[in-house]
Amino acid sequence: HNFGADSTNLTITAIYSIFEGDKVFVNADWDGKTDITCYAQWISASGNVYGDMKFDIPDGGCTIPAPNENGLYLLRVVTGKSTRSFKFIINKH
């Protein structure tokens, strides 16, 4: 979810906004290869793994719960040796 840089060379990255406790679908297609570790973690603005939780992601993906606290978080998705991170703003209902 990156947009092309403008004349200032500023790269704009999408930020998602969801409600606390909602669920997020995490897609991780690893074609059933058993040697690939695939998981997701919420990382707080302070750099800590939220609740020390790690969500195993099956082939094809699944839903995971959002943190129950407001704030800015990264959703880190690890598939094998690749990592992707997405920014989320968590709001109260």
Side-chain angles (χ1 to χ4, degrees):
H1 296 303
N2 289 326
F3 300 95
D6 62 11
S7 61
T8 64
N9 283 331
L10 177 66
T11 301
I12 300 170
T13 303
I15 298 176
Y16 304 93
S17 180
I18 59 174
F19 293 119
E20 63 183 28
D22 276 357
K23 294 191 184 266
V24 175
F25 181 78
V26 180
N27 187 11
D29 292 323
W30 44 275
D31 298 325
K33 296 176 184 167
T34 57
D35 61 337
I36 293 177
T37 301
C38 187
Y39 62 92
Q41 293 176 301
W42 290 103
I43 310 295
S44 70
S46 62
N48 297 315
V49 175
Y50 179 78
D52 291 324
M53 292 186 280
K54 180 176 163 182
F55 301 93
D56 292 325
I57 308 298
D59 192 12
C62 68
T63 57
I64 63 169
N68 286 322
E69 296 176 24
N70 288 347
L72 178 64
Y73 293 86
L74 287 179
L75 176 61
R76 177 174 57 194
V77 180
V78 177
T79 305
K81 295 180 182 176
S82 299
T83 301
R84 293 178 288 161
S85 294
F86 305 90
K87 295 176 189 174
F88 280 85
I89 296 173
I90 309 295
N91 293 310
K92 287 190 180 249
H93 284 207

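Placement of I90 and V24 within a single hydrophobic cluster is found when ILVMFWY residues are connected by side-chain heavy-atom separations under 4.5 Å, directly or transitively. Residues L74 and I18 fall into different hydrophobic clusters, defined by Ile, Leu, Val, Met, Phe, Trp and Tyr side chains chained together at heavy-atom separations under 4.5 Å. Cluster annotation: W42 is connected to F86 through the hydrophobic network of ILVMFWY side chains, with a link wherever side-chain heavy atoms come within less than 4.5 Å.
The minimum heavy-atom distance between Y73 and N70, with the atom names listed, is OH-O, 3.8 Å.
The CG atom of D22 lies 11.0 Å from the OG1 atom of T63; values are rounded to the nearest 0.5 Å.
Remark: of the listed residues I57, V77, D56, I57 is the sole one forming a side-chain contact (heavy atoms from CB on, under 4.5 Å) with I64.
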For residues 45-55, which side-chain donor-acceptor pairs fall under 3.5 Å, sequence neighbours excluded?
from, atom 1, to, atom 2, distance (Å)
S46, OG, S44, OG, 2.9
S46, OG, N48, ND2, 3.1
Y50, OH, N68, N, 3.2

